[in-house]
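Treat the numbers as computed from the prediction; the structure is a model and nothing was measured. Order of listing sets the numbers, starting from 1, for every ligand and every atom in it.
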Amino acid sequence: MQFDYDLFVIGGGSGGVRAARVAAGDAGAKVALAEEDRYGGTCVIRGCVPKKLMVFASEFSGMAADAEAYGWDIQLGAFSWDAFKDKLNAELDRLEGVYRRLLAGSGVQTFDARAKVVDAHTVELSTGERKTAKHILLAMGGRPVKVDVPGAELAITSNDIFHLSEMPKNILILGGGYIACEFAGILNGLGVDVTQYYRGAQILRGFDDEARGLVAEEMIQRGVKLHLGTNVESMERTSDGRIRVVATNGDETVFDQVMFATGRAPNTDDMGLEQAGVKLGRGGQVIVDDYSQTAVPSIYAVGDVTDRVNLTPVAIREGMAFVETVFKGNPTKPDHELIPTAIFTQPEMGTVGMSEEEAREKGPIEVYATSFKPMQSAFAGRTDRVLMKLVVCADTRRILGCHIVAPGAGEMIQLAGIAVKMGATKEDFDRTVAVHPTMSEEIVTMKTPVRRA
Ligand code: NDP
């Protein structure tokens, strides 16, 4: 059978764009891609990139006081959200242009339209056109979801935060995951009075207990009003246009804005997937095998739409592995083991491998950890602490987990991640000479375990 394309990609985010480019550019396939919104997807348009720029913007608030402590005569003026937002939007426009050019340069035909699956080899565009392809790649990503409480429509999500017409004076952030904690830090740094409600006993569930405990302490220390074991019961608009929130502990508080950061859902609604035979999980995620193949052999899926590990670099890896498998005759499974990751809280957390809690379930371990006041901020009179921690297998001596809470932890964990991925032992770390004076030198100078378990 003659198809219009070798590959039709649905979704122009990190995973979809990479797969389309490599299939067309390297493997010489005839490729089309449909995107209903902006090219670049969540990461570039409403996630990692604008978030990180906001992190940078927010960190300047503490720098003037530090500079003064170091002898500079410096005054901090006001932050202009409008000035920042204009620049941010210009940068996102630039990046979207880069994505479009990369696709065009690789010979990918793009459609600025929504696409739905009709059958194993056919998609229908919102323009009404139908296109056929030997393979279809689902890369529609995900979207933020709001919890179902009365008044939930009054809340914004991370999608809206970059478009606010003005910075609120105060905000309630609901949730204790990556997005909630990152934005609590960002907005606090930008001078917003931030309250955060999290239903559980400690934020950042699933990460190392000691690391998330320190992040929580430092967030509180910097001014975030963190309420644990607390959820939103209901919300209503006040007569002056603000939002009255009733909490599960009975507290009633009025906020300018409320942001829900209560998880994300895969974009699989109304896509024709189940009718075409693609199996979905309970959360709506596309079920795939180790090679990202769905229940329909000609249809594959990568990235957040599969809800495996929802991170940009993982979606990119999955996209590349798909191209190797399908277009280069080299069956390749994306590797989901030992993925280093960073949470851009303030301070940042960088982590790779198992938490202490996870590792101790698997066998005997040794824990090496040190928490201290780093030189730069201690000199400026701040009480901030950092954490360097290694979880070591007592039998093989391999590093099972490395957890860093410190300014720049994201940069540090990328490098530590290589050693951990290579199977480094505690003795490999020990025989590496310290880089002095740095914070990260502590990762190679910890001599005695603080715990054995
Ligand atoms: P997460 O799943 O990380 O966190 C969701 C939070 O909402 C949790 O604290 C959860 O609580 C809470 N929650 C869920 N349901 C309810 C409810 N009914 N009532 C109250 N609270 C609720 O999702 P995020 O939206 O923060 O992030 C989505 C994904 O995006 C992440 O998993 C990550 O993969 C990715 N991401 C990565 C970043 C990075 O690499 N730096 C940055 C941002 C996002 P509980 O813990 O109790 O379930």
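Close contacts between ligand 1 and Asn231 involve ligand atoms 19 (N), 20 (C) [criterion: under 4.0 Å to a heavy atom]. Listed by atom number, the atoms of ligand 1 under 4.0 Å from Ala261 heavy atoms are 5 (C), 6 (C), 7 (O). Residue Lys51 has at least one heavy-atom neighbour below 4.0 Å for each of these atoms of ligand 1: 41 (N), 42 (C). Interface atoms of ligand 1 facing Tyr198, defined by a heavy-atom separation under 4.0 Å, are 9 (O), 11 (O), 45 (P), 46 (O), 47 (O).
When only non-hydrogen protein atoms are considered, atom 42 (C) of ligand 1 lies nearest to Glu182 OE1, 3.3 Å. From the protein, the heavy atom lying nearest to atom 15 (N) of ligand 1 is Arg199 NH2, 3.5 Å. Protein heavy atom nearest atom 34 (O) of ligand 1, with residue, atom name and distance: Asn310 O, 2.8 Å. Counting only heavy atoms of the protein, atom 48 (O) of ligand 1 lies nearest to Arg205 NH2, 2.7 Å. For atom 12 (C) of ligand 1, the closest non-hydrogen atom on the protein side is Thr262 CA, 4.2 Å. Nearest protein neighbour of atom 2 (O) of ligand 1, counting heavy atoms only, is Gly263 CA, 4.2 Å.
One finds a salt bridge joining Glu356 and Arg360 here, because a Lys/Arg side-chain nitrogen approaches an Asp/Glu carboxylate oxygen to under 4.0 Å. Between Glu218 and Arg382 no salt bridge is recorded (no basic side-chain N to carboxylate O distance below 4.0 Å). A salt bridge is absent between Asp307 and Arg282; no separation between the charged side-chain nitrogens and carboxylate oxygens falls under 4.0 Å. Contact check on Lys373 versus Asp384 returns no salt bridge, with no Lys/Arg side-chain nitrogen under 4.0 Å from an Asp/Glu carboxylate oxygen.
For Pro144, no heavy-atom contact with ligand 1 is shorter than 4.0 Å. In Ile203, neither the side chain nor the backbone holds a heavy atom less than 4.0 Å from any atom of ligand 1. Within the 4.0 Å heavy-atom criterion, the part of Val147 lying near ligand 1 is the side chain and not the backbone.
Looking at heavy atoms from C-beta onward, Val194 lies out of side-chain contact with Asn170 at the 4.5 angstrom threshold. Proximity of Tyr197 to Val232: side-chain heavy atoms (C-beta onward) are separated by under 4.5 Å at one or more points. Contact annotation: the side chain of Gln257 never approaches that of Ile161 to less than 4.5 Å [non-hydrogen atoms, C-beta and beyond].
For Ile404 against Ala409, the heavy-atom pair with the smallest separation is O-CB, 3.5 Å.
Relative to the ring axis of Tyr368, Lys426 places its NZ or CZ within 45° and under 6.0 Å from the centre.
In this structure, Gly200 falls outside the shell of residues with a heavy atom less than 4.0 angstrom from ligand 1.
The heavy atom nearest to atom 36 (N) of ligand 1, considering only Phe183, Phe260, Phe344, Tyr178, is found in Tyr178. The closest non-hydrogen atom to atom 1 (P) of ligand 1, taken over Gly142, Cys48, Gly177, comes from Gly177. Checking Val232, Val55, Ile179 against atom 26 (O) of ligand 1, the nearest heavy atom belongs to Ile179.
Close N/O approach between Gly176 and ligand 1 is found [any backbone or side-chain N/O within under 3.5 Å]. At under 3.5 Å, not a single nitrogen or oxygen of Arg264, backbone or side chain, sits near a nitrogen or oxygen of ligand 1.
Taking the six-membered ring for Trp and the full ring otherwise, Phe207 and Tyr178 have centroids separated by under 6.0 Å. The distance between the ring centers of Phe322 and His135 does not fall below 6.0 angstrom.
Judged by distance alone, the side chains of Thr268 and Gln285 never bring a donor and an acceptor atom under 3.5 Å apart.
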